[in-house]
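To start, I am sharing the structure in question, which I have written as structure tokens.
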Amino acid sequence: MARVAQRLPENAPGAFFVDDTCIDCDACRQIAPATFVRSPRHGMSYVAAQPLDADAERRARMAIVACPTASIGTAPKRPVGDAVAAFPERLEDDVWYCGWHAADSYGAASYLIVRPRGNVLVDSPRASRPLHERIAALGGVATMVLSHKDDVADHAWWHARFGCERVMHAADAGRLSIERRLDGSAPVALDDELTVIPVPGHTRGSIALLYREKFLFTGDHLWWDEDDQRLDMGRGVCWYDWREQLRSLEKLRDFRFEWVLPGHGRRWRARDAADMRRALEHALQNISRR
Ligand code: SF4
């Protein structure tokens with residue numbers, strides 16, 4: 001629970017505040033950008049402006065629910081019942097954002113694909129009874145695809161509740177209890193809508209998941225940089241091999257998609273697949289010069 005005594009001095013006066021336990025995961029800034037911004041001085045989020053209307057207030061309360069470290073508080077305390085019920089939040093078609101970030105994955109985002117043939121959880125949200133109830137009402141989880149070893153968080157908790165088959169690349173699975181371990185560098189079709197694309201680099205066993213040639217879940221391989229308005233990867237957070245990660249980026253030229261949905265960094269929806277392709281080429285040019 002966020003502590004008033006640890007409230008960051010930058011917080012605007014008013015009910016909402018961030019304390020000094022923030023791990024700079026960016027979730028609150030994505031959910032409620034009118035309220036939360038990043039302090040370069042502290043490398044943490046703070047409340048730049050108190051919410052001014054009901055919708056902004058609801059988004060700020062959703063950030064309280066999503067925050068992996070319980071670093072956001074209100075004084076006096078505000079109820080968060082409707083914010084709890086707001087997750088998962090539909091992004092487009094049958095793809096949902098789970099909220100409920102887990103500290104064990106350093107606050108990475110996770111996603112749910114809802115479909116009649118079996119729902120898919122992409123990376124692990126925090127273990128949460130309310131989220132479990134909501135996902136159960138949406139049909140549960142048949143498959144859990146884990147993009148890489150950093151973002152597995154509470155995978156065992158979700159597996160215990162839904163009995164889902166966990167899919168992960170063997171190079172990252174290690175001693176984890178994983179039902180389906182993938183090998184090699186070739187794409188693997190899980191079915192006619194879902195393709196796993198090995199993208200080694202950030203970690204040796206990083207994978208991306210392509211859904212219906214529209215949604216690309218990228219783990220920590222690729223994200224949208226809001227400041228520079230371009231797709232980006234991070235050499236400073238490349239734990240395995242940068243050259244390999246560049247080759248993995250080139251490999252994405254073989255695929256059509258309109259969305260990039262990362263664990264860390266911003267999501268981005270291109271206007272269409274051609275627009276995404278241009279952004280990918282631009283990223284390749286920029287990143288390969290580093
Ligand atoms: S969601 Fe929590 S941990 Fe993440 S940036 Fe915001 S306050 Fe910090």
Side-chain angles (χ1 to χ4, degrees), residues 23-31 33 36-41 43-45 91-92 95 97 101 105-111 122-123 147-151 169 171-172 185-187 195-290:
I23 59 170
D24 195 22
C25 77
D26 194 37
C28 60
R29 303 190 295 264
Q30 293 195 46
I31 295 167
F36 301 97
V37 300
R38 185 174 191 272
S39 161
R41 180 161 155 242
M44 296 181 188
S45 289
L91 296 175
E92 186 173 321
V95 172
Y97 159 57
H101 294 232
S105 60
Y106 213 78
S110 59
Y111 304 93
V122 184
D123 286 328
S147 66
H148 67 297
K149 60 187 176 187
D150 301 337
D151 292 355
H169 198 282
D172 266 23
S185 58
T195 302
V196 171
I197 307 165
V199 286
H202 171 69
T203 63
R204 193 172 172 197
S206 285
I207 55 176
L209 179 70
L210 181 62
Y211 175 56
R212 286 188 177 166
E213 294 196 314
K214 183 169 181 180
F215 302 93
L216 185 71
F217 302 91
T218 53
D220 290 351
H221 174 62
L222 180 70
W223 58 80
W224 181 253
D225 183 319
E226 192 75 24
D227 294 333
D228 294 335
Q229 292 287 294
R230 66 182 185 201
L231 292 172
D232 205 0
M233 308 192 304
R235 193 165 188 166
V237 289
C238 175
W239 314 132
Y240 173 56
D241 188 300
W242 182 244
R243 285 177 179 276
E244 192 78 25
Q245 193 165 349
L246 284 170
R247 281 194 288 275
S248 294
L249 186 61
E250 286 173 11
K251 196 195 287 188
L252 296 181
R253 282 174 163 151
D254 297 341
F255 300 92
R256 185 181 188 281
F257 51 97
E258 298 171 24
W259 275 86
V260 163
L261 299 128
H264 289 110
R266 297 291 168 102
R267 316 184 266 276
W268 185 58
R269 193 208 193 292
R271 283 190 298 278
D272 51 29
D275 188 34
M276 180 61 80
R277 180 57 187 257
R278 281 191 292 275
L280 182 60
E281 293 298 335
H282 182 64
L284 275 162
Q285 280 179 11
N286 273 293
I287 296 168
S288 57
R289 282 202 292 264
R290 288 179 197 164

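Note that the structure is predicted; figures quoted are calculated from it, not measured. Below, each value reflects all heavy atoms present in this structure, side chains not excepted, and no hydrogens, waters or symmetry copies.
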To the nearest 0.5 Å, what is the distance between OG1 on Thr218 and CG on Leu261?
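Taking OG1 in Thr218 and CG in Leu261, the distance rounds to 7.0 Å.
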Please report the closest heavy-atom contact between Pro200 and Ser248, naming both atoms and the distance.
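Reported closest heavy-atom pair: O-OG, 2.6 Å.
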Rounded to the nearest 0.5 Å, how far apart are CG of Leu231 and CD1 of Ile287?
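That separation rounds to 7.5 Å.
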Is there side-chain contact between Asp123 and Phe217, with at least one heavy-atom pair below 4.5 Å?
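Of all side-chain heavy-atom pairs linking Phe217 with Asp123, none is under 4.5 Å.
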Any side-chain heavy atom of Thr203 within less than 4.5 Å of one from His169?
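Answer no - side chains too far apart.
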Nearest atoms (heavy-atom pairs only) where Arg256 meets Leu210
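Reported closest heavy-atom pair: O-CD1, 3.6 Å.
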Rounded to the nearest 0.5 Å, how far apart are CG of Leu280 and CZ of Phe255?
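That separation rounds to 11.5 Å.
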Testing the basics here: between Pro262 and Leu222, what is the closest heavy-atom pair and its distance to 0.1 Å?
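In terms of heavy atoms, the two residues are closest at CB-O, 3.4 Å.
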Can you find a pair of side-chain heavy atoms, one from His148 and one from Val199, that are under 4.5 Å apart?
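Sidechains of Val199 and His148: no contact.
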Rounded at 0.5 Å granularity, tell me how far CD in Gln245 sits from SG in Cys238.
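Going from CD on Gln245 over to SG on Cys238, the span is 4.5 Å.
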For side-chain contact (heavy atoms from CB on, under 4.5 Å), just list the numbers for Gln229 and His282, CA-CA rounded to whole Å, side-chain angles, deciding distance to a tenth of an Å, and then say yes or no.
CA-CA 11 Å; Gln229 292 287 294; His282 182 64; over 6 Å; no
Looking at side-chain heavy atoms only, is the closest gap between Trp259 and Leu91 below 4.5 Å?
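Yes, at least one pair of side-chain atoms sits under 4.5 Å.
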Just one of Trp224, Tyr97, Trp223 clears the side chain to side chain contact (heavy atoms under 4.5 Å, CB included) bar with Arg267, so which one?
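Single side chain to side chain contact (heavy atoms under 4.5 Å, CB included) partner of Arg267 among Trp224, Tyr97, Trp223: Tyr97.
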Quick one: do Asp24 and Arg29 make a salt bridge, cutoff under 4.0 Å?
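Yes, Asp24 and Arg29 are salt-bridged.
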Test item: Met276 and Val260 side chains (from C-beta on) under 4.5 Å apart, heavy atoms:
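Yes - at least one pair of side-chain heavy atoms lies under 4.5 Å apart.
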Salt bridge or not for Glu250 and Arg247, using N-O below 4.0 Å?
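Answer for the salt bridge query: no.
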Nearest heavy-atom pair of Ser147 and Gly219: which atoms, and what distance?
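Taking Ser147 first and Gly219 second, the nearest heavy atoms are OG-CA, 3.4 Å.
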Within the distance-only criterion (no hydrogens, no angle test), does the side chain of His264 pair as donor or acceptor with the backbone N or O of Tyr106 below 3.5 angstrom?
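The answer is yes, because a donor-acceptor pair under 3.5 Å joins these two groups.
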Just wondering, more than 12 heavy atoms not from Arg204 lying within 6.0 Å of its CZ?
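For Arg204, atom CZ is not crowded (no more than 12 foreign heavy atoms under 6.0 Å).
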With distance as the sole test, does Lys251 use its side chain to make a donor-acceptor pair with the main-chain N or O of Ile197 at under 3.5 Å?
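Such a contact is absent between Lys251 side chain and Ile197 backbone.
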Residue pair Asp150 / His202, side-chain heavy-atom distance below 4.5 Å
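Counting from C-beta outward, Asp150 and His202 do come under 4.5 Å.
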Contact check, side chains of Arg253 and Leu284, non-hydrogen atoms, under 4.5 Å
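Counting from C-beta outward, Arg253 and Leu284 do come under 4.5 Å.
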Between Glu213 and Glu258 (side chain of the first, backbone of the second, donor and acceptor by atom type, cut-off under 3.5 Å), is there such a pair?
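Checking the backbone N and O of Glu258 against the side chain of Glu213, no donor-acceptor pair under 3.5 Å is found.
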Measure the spacing between CG of Asp26 and CZ of Arg38 and express it to the nearest 0.5 Å.
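Those atoms lie 9.0 Å apart.
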Leu252 CG to Arg277 CZ distance, which is reported to the nearest 0.5 Å:
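Those atoms lie 10.0 Å apart.
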Short side-chain to backbone donor-acceptor contact, Asp228 and Arg230, under 3.5 Å:
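Absent.
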Below 4.5 Å, heavy atoms only, C-beta onward: do Trp239 and Asp220 meet side chain to side chain?
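In short, these two side chains do not touch, never coming nearer than 4.5 Å.
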